[in-house]
Novice: 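Before anything else, here's the structure in question.
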2 protein chains.
Amino acid sequence: MPQRREAVTIADVARTVGVATSTVSRALNQPGRISDELRDRIVAAAATLGYHPNPQARSLTSGRTQSIALLVPDITNPFFFGLIRGAQAQARARGHRHVLVDTEESAEVEALTLAELPASVDGIVLAAARLTDAELTAAAGRVPLVLVNREVPGLRSVVMDTAAGALQALDHLVSLGHRSVAYVAGPATSWSSRKRWRALQRTARRLGVDCVRIGPFPPTMAAGAAAADAVVHHRVTGALFFNDLLAIGALRRFAERGIRVPDDLSVVGCDDIFGADFCRPPLTTLTTPVEQTGRVAVDMLLSTPTVGEPVRAGQTLPTHLTIRESTGPVPTRRAGRP
Amino acid sequence: MPQRREAVTIADVARTVGVATSTVSRALNQPGRISDELRDRIVAAAATLGYHPNPQARSLTSGRTQSIALLVPDITNPFFFGLIRGAQAQARARGHRHVLVDTEESAEVEALTLAELPASVDGIVLAAARLTDAELTAAAGRVPLVLVNREVPGLRSVVMDTAAGALQALDHLVSLGHRSVAYVAGPATSWSSRKRWRALQRTARRLGVDCVRIGPFPPTMAAGAAAADAVVHHRVTGALFFNDLLAIGALRRFAERGIRVPDDLSVVGCDDIFGADFCRPPLTTLTTPVEQTGRVAVDMLLSTPTVGEPVRAGQTLPTHLTIRESTGPVPTRRAGRP
DNA sequence: CTGAAAGCGCTAACAT
DNA sequence: ATGTTAGCGCTTTCAG
């Protein structure tokens, strides 16, 4: 394998052109403050020599690293793919590199990363944070931070309004005649699952329909089987799942047990992940603006709030119900079920 | 928003303990070369003060950055999710950070990234490279490089053996009675698509079956519709798709046009991405060890070949055919087709 | 085993 | 408009 070649430095360029290193630096970074003729010569020399700035060295003096980090609890979860995409796209658009960290659903890994990373990045987008409000507030003192799907007083965040969306979904089921539904909860640590459940509970009461909470479950397809069995056991006619992964996993289990969706049971997912439109049956689900969330979060992170300007600490992005084929009228009899 | 706090440096620790900075550095990096008692005091002080090394500064002197980059042509493609996962997991296991770059299917972005990145990372894993052999060889001279799904003489690589897999798939179709099949090609720039086609062509001739090449197509679900129409037009009874994305997109189109899979037409995908098992019908596909590929590539990248030890430049990972429900016996009549 | 000192490549005052 | 001079935080000689 070839040797790792010595990199071309600013000093090489300076020597070639016959100027000071600081002049080269300026020519490349503040093109206005240098004579056009000299700047052209410097730029040309840099190109000829194949000069590329060393971000490490640059960040050491300037404090800026031109890179941001995105922390997600589980890179395995397709939901986060959209977030990664959106964040990556916006980071690139704003000239930043993108470090991806999987915190493995662990508060400890999250805390450690938050402690180690500040020197390496200009800011952090933290999705589905596991830490406490106090810990997050402390972290935000060390590095610019934007939370995704989590709100903490005083911290910047962008959340998808799945609570409002869940109500839409509930309305949808109620309008189809359902009077007894279940909410299949996500992880106990999930802020959005808790928030959604509270909204559902309140509204169900107002609407006079039964809404039971089942779970918590891990947000995975594998857990869908157990969730499905629990739903069946509760004898409801409709189920709102914490996310599509769980719902799709459950769909398979329902099929195995001979429970027809939506004839015997209506199923609503959440997120509208890749696959929700081509699973069997195509899933009625809460469509969330995942990519947009990633973009907005990065934008928020990178925007330096001008002094005096009102800082919008939290943004809530709307969701909408996408009706496909997993929901239908309430069954008139409990056909095919014990 | 809180101010960005001054970070604790090695000098702070040194002052607290009353030693030189170099001693602190050694205590933290070469624990053997310092007295146990002093090392303990230093480590304790570092913990108390909340010291975390600044990777930028460290890399400036040491040359090592403790981070690697993964370059993928399109972060949107679920196929790469597995790769990202595997790479991220192995990088973490080996104590490295992970920078993700989407080269947007563009040779220029790829070249630029390869030029800019070397100072920031200890090595690069480059998936589905678009550049020429010469350009890649040049890049490998500047930074440790491992190619994924691309082979270049003299460079390290890990490829999934989809050519062999495609032959298995062809055998499968032939054994079901198919005599006229199509290969739906991926992008013209795809090394693995070309390689697969050559293998298929050769074997089809030997087996005495017809194998036409259709395409190229972009490797997306959206392109699946056009691919499906082309397949129908060629009046084959079986089709091998470049990837699952294309195949799943085609499945939907076939359904729209009233063509039954597998009754009228057998479909084989490639990759076994998320969703291939729950689409309609579940897809017979070439299962590729994507995550393993990511792990192996990172391992290869980070392993310093001992002098004298034989360097294994290229690794080929096996694939296998996963038979689900999109393939079946050849139709006896051209039912339902013009 | 520990300390002093010299940079790594770059930017940001401060001069001129 | 350009050059000079300090460092950024850390590792690494080189001396004790």
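Every chain is numbered from 1 and lettered A, B, ... according to where its sequence line falls, protein lines coming before strand lines.
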Novice: Determine, stepwise, if the pair B:D122 / B:T65 fulfils side-chain hydrogen bond (donor to acceptor under 3.5 Å, both in side chains).
Specialist: CA-CA 6 Å; B:D122 291 344; B:T65 64; 2.9 Å; yes
Novice: Without decimals, in angstroms, what is the distance between B:D36 CG and C:dC1 P?
Specialist: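 Taking atom P of C:dC1 as the reference, CG of B:D36 is at 9 Å.
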Novice: Reading nucleotides 11-16 of chain D 5' to 3', which nucleotides get B (base under 4.0 Å from a protein heavy atom), which S (sugar-phosphate only), which -?
Specialist: BBB---
Novice: Quickly work out the A:D12 CG to C:dC8 P distance and round it to whole Å.
Specialist: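 It works out to 11 Å between those atoms.
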Novice: Just how far, in rounded Å, is P of C:dG7 from CD of A:Q56?
Specialist: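 About 21 Å, once rounded to whole Å.
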Novice: For the OG1 atom of B:T76 and the CD atom of B:E104, what is their distance to the nearest 0.5 Å?
Specialist: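 One finds 10.0 Å between OG1 of B:T76 and CD of B:E104.
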Novice: Can you check the A:L28 CG to C:dT11 P distance for me, whole Å?
Specialist: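 These atoms are roughly 8 Å apart.
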Novice: Any salt bridge linking A:D102 with B:R85? Criterion: basic side-chain nitrogen under 4.0 Å from a carboxylate oxygen.
Specialist: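 Result for this pair is no, no salt bridge flagged.
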Novice: Once rounded to the nearest 0.5 Å, what's the spacing between atom CG of B:L100 and atom CZ of B:F80?
Specialist: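 The CZ atom of B:F80 is 11.0 Å from CG of B:L100, to the nearest 0.5 Å.
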Novice: Nearest to the B:A20 side chain among C:dA4, C:dG9, D:dC10, which nucleotide is it?
Specialist: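 From the listed options, C:dA4 comes nearest.
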Novice: Looking at B:R130 and B:E108, is any side-chain nitrogen of the basic one under 4.0 Å from a carboxylate oxygen of the acidic one?
Specialist: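 No salt bridge links B:E108 with B:R130.
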Novice: For B:T113 and B:E110, does a side-chain donor sit closer than 3.5 Å to a side-chain acceptor?
Specialist: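 Their side chains do not contain a donor-acceptor pair, so the 3.5 Å distance test is not met.
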Novice: Which residue, B:L60 or B:L38, contacts DNA chain C at a nucleotide closer to its 5' end, judged by nearest heavy atom?
Specialist: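 That would be B:L38.
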